Amino acid sequence: MDESKYQRIWQTVLQIPVGKVASYGQIADLAGLPGRARLVGKALGKAPPELELPWFRVLRSNRSLAFTPGSEVAELQRQSLLAEGVLVKNNRAPQQDVWQPDLAELLFKLNY
């Protein structure tokens, strides 16, 4: 386990604004770990509860929920997104809710 890579992933996920979503690949890229989308999933699963990581904002590359439709955790993800105003339709978030960090966010909030 590479703790520093997990830390970078966790810090990136913490930057996703309320009401926005990002893909596993996008998080990997922003964390300086291109091509490591699977590592993002692994890191989310190992995040300490006290981080209160908004894991539910991370979706598949096609904006679909990360879990099997109808499963308990998929429903939790869907409800969490709905509570933040992300309309989940047919198990997918709309394109307009994808996080597009601006230059200031990239330079000043994602500090690795």
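Everything quoted here is computed from the prediction, not taken from an experiment.
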(message) To check you understand the geometry: which heavy-atom pair defines the closest contact between Pro48 and Trp10, and what is its length?
(response) CD-CH2, 3.6 Å
Under 3.5 Å, which donor-acceptor pairs do the side chains of residues 29-37 form with other protein atoms, sequence neighbours left out?
none

(request) State the NZ-CG distance between Lys42 and Leu39, to the nearest 0.5 angstrom. (result) 7.0 Å
(request) Compare every heavy atom of Ser23 with every heavy atom of Val58, then report the nearest pair and how far apart it is. (result) CG1-C, 4.1 Å
Please list, one pair per line, the donor and acceptor atoms closer than 3.5 Å that link side chains of residues 65-73 to other protein atoms, with sequence neighbours excluded.
unit_1: Ser71; atom_1: OG; unit_2: Thr68; atom_2: O; d: 2.7
unit_1: Ser71; atom_1: OG; unit_2: Ala74; atom_2: N; d: 3.2

(message) Suppose we screen for side-chain hydrogen bond (donor to acceptor under 3.5 Å, both in side chains). Which residues come up paired with Asp102, at least two apart in sequence or across chains?
(response) none
(message) According to a hydrophobic-cluster definition based on side-chain heavy atoms being under 4.5 Å apart (Ile, Leu, Val, Met, Phe, Trp, Tyr only), do Val86 and Leu82 belong together?
(response) no
(request) Grab the two heavy atoms, one from Asp97 and one from Leu87, that are nearest each other, plus how far apart they are. (result) OD2-N, 4.0 Å
(request) Would you list the pairs meeting salt bridge (charged side-chain N to carboxylate O under 4.0 Å, His left out) in which at least one residue belongs to residues 75-96, sequence neighbours left out? (result) Arg57-Glu84, Glu75-Arg78
(message) Using 0.5 Å steps for rounding, measure from the CZ atom of Arg38 to the OH atom of Tyr24.
(response) 11.5 Å
(request) Measure the spacing between CG of Leu14 and CD1 of Ile9 and express it to the nearest 0.5 Å. (result) 12.0 Å
(message) Restricting to salt bridge (charged side-chain N to carboxylate O under 4.0 Å, His left out), what partner residues turn up for Lys20, sequence neighbours left out?
(response) none
(message) Is any side-chain heavy atom of Gln77 closer than 4.5 Å to one of Trp55?
(response) yes
(message) If you define the side chain from C-beta out and look only at heavy atoms, does anything of Phe56 sit under 4.5 Å from Val21?
(response) no
(request) Compute whether any side-chain donor of one residue and acceptor of the other, for Gln15 and Gln11, lie under 3.5 angstrom apart. (result) no
(request) Could you pull out all residues at least two apart from Ala22 that satisfy side chain to side chain contact (heavy atoms under 4.5 Å, CB included)? (result) Ile16, Gln26, Ile27, Trp99
(request) Would you check if Ser64 and Leu59 make a side-chain contact, meaning some heavy-atom pair closer than 4.5 Å? (result) no
(request) Please name the pair of heavy atoms, one in Leu53 and one in Ala47, separated by the smallest distance, quoted to 0.1 Å. (result) CD2-CB, 3.6 Å
